[in-house]
Amino acid sequence: MLRKDVRNRRVLSFFARFLPALLLTLCLAAGPFAAFPVLAAPSSSSGASSQIDAVLVLDVSNSMKTSDKNNIAGEAMKMFIDMLSAKGDKVGVVAYTDEVQREKALLTINSASDKQDLKDFIGGLDKGAYTDIAVGVDEAIKVLQNGSDPSHEPMIVLLADGNNDLNEASGRKQSESDKMLSAAVETAKKKGYPIYTIGLNADGKLNKASLAKLSDQTGGKAFATDTADDLPEILSEIFADHLKLKVVPVQSITASGSYQEVTVNVPNASVLEANISIISSKPVTAKLTDPSGASVAIPSNNVLLSKSSTYSLLKLLSPKEGDWKLQIKGVPKDKIDINLIFNYDLELKMEAPASKTYKKGDKIGISARLFTGGTQVNEAELYRNMKAVLLATDLDTGKTAELPLDNSSGEFKGSFEVKDSHNYELKVRAEESSFYRESNTVQINAGGSATQAPAAAGSGNEAQDGGMSWTLILVISGILLVLAAAFVIWMLWKKASRGFVGQLVIEVIDGNTGEKTYPQYKKLTGFRGKFNLHQLLQLAPELKESEKLVFTPGSNDRLQLRGGDGIAVEKSGRAVDASRGLELKSGERVSVPLRSVDKTIMLEYLV
């Protein structure tokens with residue numbers, strides 16, 4: 001029986017490893033039946049995805065108590081989280097000193113409570129001695145590798161306030177830290193993880209050059225400031241830059257104690273979300289009126305409100321085009337900064353030229369259009385409000401020319417003349433006041449010496465065959481059925497062997513003496529499928545009753561627990577029905593009073 005089980009696991013492992021490759025091969029073999037798209041496929045940098053997978057990396061060394069006395073860094077990170085989409089983005093957090101103090105794996109945001117969990121996690125971080133930036137960066141990359149969605153835009157935001165401060169007692173050397181950081185950067189470059197760095201130069205000792213190098217090498221941007229007060233503005237810039245958006249300053253006002261009105265213009269109907277950040281050190285209240293003049297409740301179904309000690313953020317969902325009126329009342333003489341970031345689900349695609357081989361003097365027609373959700377945008381006003389240029393790079397000389405494109409007819413149009421017998425790379429950039437987009441790139445061969453991209457497969461005579469024989473079709477159909485069945489089996493096996501994340505903190509309280517054991521941290525990553533509480537308690541005979549409480553992995557890094565007959569579970573001091581399953585999020589606690597012995601098991605789930 002054991003050998004049979006091992007053999008089955010090997011078969012399933014084979015399909016798990018090779019099924020994607022087999023399906024891809026069959027899809028390529030069926031190429032003559034596929035329809036070729038009119039538009040060239042977009043590159044990964046085209047701004048097609050409006051979803052983010054972000055890891056926020058915070059230096060929580062003791063020096064931050066001096067450089068950021070009011071914990072504005074934490075508040076700025078919270079504002080970054082609030083600016084993310086209402087649903088779909090993923091966020092992880094790494095807090096480091098010279099080791100990882102606490103971390104939170106990527107959490108998919110599905111509700112306001114998910115954002116609040118992340119902000120509570122940041123608010124609960126403690127400080128520690130020493131600093132090693134390499135530790136924070138290396139862990140952030142691992143978090144992305146373990147949970148990033150390939151269709152999302154990954155990013156790392158690193159905040160540090162100085163140079164490394166290593167613990168001599170640990171034996172860690174600067175050369176070891178440098179080696180770890182160098183390896184982490186290489187991984188980030190290969191994976192396409194841009195690292196945005198923020199240097200808080202409160203004491204004048206910040207190594208700006210090293211942070212700038214870290215960003216330059218990975219395609220991010222570096223920021224430095226002498227005061228933590230600038231951090232909310234910097235985080236807004238990073239959020240906008242990563243999604244190819246622009247921060248639109250609305251107006252700065254000095255509060256008078258009465259309502260003061262500012263105008264927020266929503267430029268077009270393609271805006272998914274409008275993020276209005278109101279940054280103030282004192283409490284503010286706000287009123288909102290839509291373009292029709294109707295008052296809009298804050299919060300309401302289409303207006304989300306997030307508040308903190310240093311900011312308020314209004315998120316307008318699918319707002320109407322036109323001028324919105326925002327009224328702000330603050331404490332007299334308090335300076336209030338208001339910024340606006342629009343989020344668009346827009347992709348710019350350039351039509352592929354008829355040929356990739358040309359000669360000197362040839363003219364190539366250029367056409368690019370905007371798409372949302374795969375559907376072409378035909379809103380002529382949107383095109384007219386944007387400025388578009390063709391970026392033509394001569395691959396032989398390295399020079400790039402900007403050629404203006406016409407935007408008057410619901411597309412961006414123009415032409416490119418081949419000036420020399422060189423090779424060229426073409427792409428379109430379109431922008432307006434609140435965002436920009438860049439299209440896919442197309443390479444043109446006009447006899448130059450620069451290396452060209454490989455010619456597209458399937459451009460030979462195979463299309464003349466008119467298709468495959470019915471025999472081959474039947475063979476492929478049979479193979480696909482077999483693979484589909486194997487895939488179903490694999491998915492069932494995968495579900496049964498699903499892994500866990502995080503850890504459980506366990507304390508046992510003796511009901512007779514009131515004594516409580518020291519906290520035990522039990523990592524869950526070694527379990528698969530399910531386990532029971534008795535296993536975590538090292539199978540102590542007196543606690544055998546605890547085997548009735550079973551844990552299984554939940555979605556979004558959560559933990560599911562289910563209790564059997566006779567086992568009680570309490571949460572926040574109240575008994576809960578765990579027989580149907582109870583979900584735990586990171587930071588939540590439950591207690592399990594045992595009947596057979598006068599002891600209570602205290603559990604805290606941490607990710």
Side-chain angles (χ1 to χ4, degrees), residues 55-68 71 73-74 77 92-106 121-122 124-147 155-191 193-218 220 222-224 501-503 505 518-523 525-526 606-607:
V55 180
L56 308 179
V57 187
L58 291 86
D59 176 356
V60 291
S61 60
N62 285 326
S63 61
M64 289 291 288
K65 294 179 179 179
T66 302
S67 56
D68 184 15
N71 192 29
M77 290 293 190
V93 182
V94 173
Y96 75 95
T97 52
D98 62 333
E99 59 184 7
V100 177
Q101 291 291 322
R102 290 188 69 184
E103 79 173 60
K104 191 173 187 66
L106 285 171
F121 182 86
I122 291 174
L125 295 175
D126 295 322
K127 298 291 189 289
Y130 309 109
T131 312
D132 190 345
I133 290 176
V135 169
V137 174
D138 181 69
E139 190 64 23
I141 290 170
K142 290 177 181 176
V143 170
L144 280 176
Q145 286 179 305
N146 291 334
M155 67 183 303
I156 294 171
V157 181
L158 167 67
L159 190 145
D161 73 337
N163 299 305
N164 279 356
D165 179 18
L166 303 181
N167 182 4
E168 294 182 1
S170 70
R172 173 82 160 179
K173 298 179 180 178
Q174 184 61 46
S175 58
E176 294 174 314
S177 175
D178 293 341
K179 184 177 180 180
M180 173 186 276
L181 184 60
S182 178
V185 167
E186 285 303 311
T187 301
K189 288 164 62 177
K190 290 177 183 177
K191 295 288 187 179
Y193 300 159
I195 301 175
Y196 292 84
T197 58
I198 307 172
L200 185 53
N201 192 30
D203 59 2
K205 298 179 181 179
L206 180 70
N207 190 338
K208 297 181 183 179
S210 64
L211 291 179
K213 181 180 178 181
L214 188 59
S215 293
D216 290 343
Q217 288 179 317
T218 58
F223 298 82
V501 297
Q503 57 188 339
V505 184
Y518 287 106
Q520 300 180 53
Y521 293 80
K522 302 288 186 178
K523 291 187 178 295
T525 52
L606 296 176
V607 177

Distance-only, no hydrogens or angles: does the [X] side chain make a donor-acceptor pair with backbone N or O of [Y] under 3.5 Å?
X	Y	value
Asn167	Ala169	yes
Ser61	Thr131	no
Ser215	Ile195	yes

Please report the shortest heavy-atom distance between [X] and [Y], naming the atom on each side.
X	Y	answer
Thr218	Tyr193	CB-O, 3.6 Å
Leu58	Ile122	CD2-CG2, 4.5 Å
Ala222	Ala212	CB-CA, 3.6 Å
Gly136	Val94	O-CG1, 4.1 Å
Ser177	Ala134	O-CB, 3.3 Å
Ser67	Asp161	OG-OD2, 3.0 Å

- [ ] Answer yes or no: are there more than 12 heavy-atom neighbours, outside Lys191 itself, under 6.0 Å from its atom NZ?
- [x] no
TODO: In sequence, state the C-alpha distance, the side-chain angles, and the governing distance for Asn201 and Lys208, and then conclude on side-chain contact (heavy atoms from CB on, under 4.5 Å).
DONE: CA-CA 9 Å; Asn201 192 30; Lys208 297 181 183 179; 3.8 Å; yes
Please round to the nearest 0.5 Å and tell me the distance separating atom [atom1] of [X] and atom [atom2] of [Y].
X	Y	atom1	atom2	result
Glu103	Glu139	CD	CD	4.0 Å
Glu186	Ile141	CD	CD1	10.0 Å
Asp59	Leu200	CG	CG	9.5 Å
Ile133	Thr97	CD1	OG1	12.5 Å
Met77	Leu159	CE	CG	5.0 Å
Leu181	Asp138	CG	CG	9.0 Å

Open item on the list: Could you check whether Asp98 pairs with Arg172 (Lys NZ or Arg NE/NH1/NH2 to Asp/Glu carboxylate O, under 4.0 Å)?
Closed with: no
Given side chains that start at C-beta, do those of [X] and [Y] come closer than 4.5 Å, heavy atoms only?
X	Y	value
Gln145	Lys142	yes
Val185	Lys213	no
Leu144	Leu106	yes

Task: Intermediate values then yes/no, side-chain contact (heavy atoms from CB on, under 4.5 Å), Asn146 and Val501 - done: CA-CA 11 Å; Asn146 291 334; Val501 297; over 6 Å; no
Open item on the list: With side-chain contact (heavy atoms from CB on, under 4.5 Å) as the criterion, how do Gln101 and Leu125 come out once you've worked through the C-alpha distance, each side chain's angles and the decisive distance to 0.1 Å?
Closed with: CA-CA 8 Å; Gln101 291 291 322; Leu125 295 175; over 6 Å; no
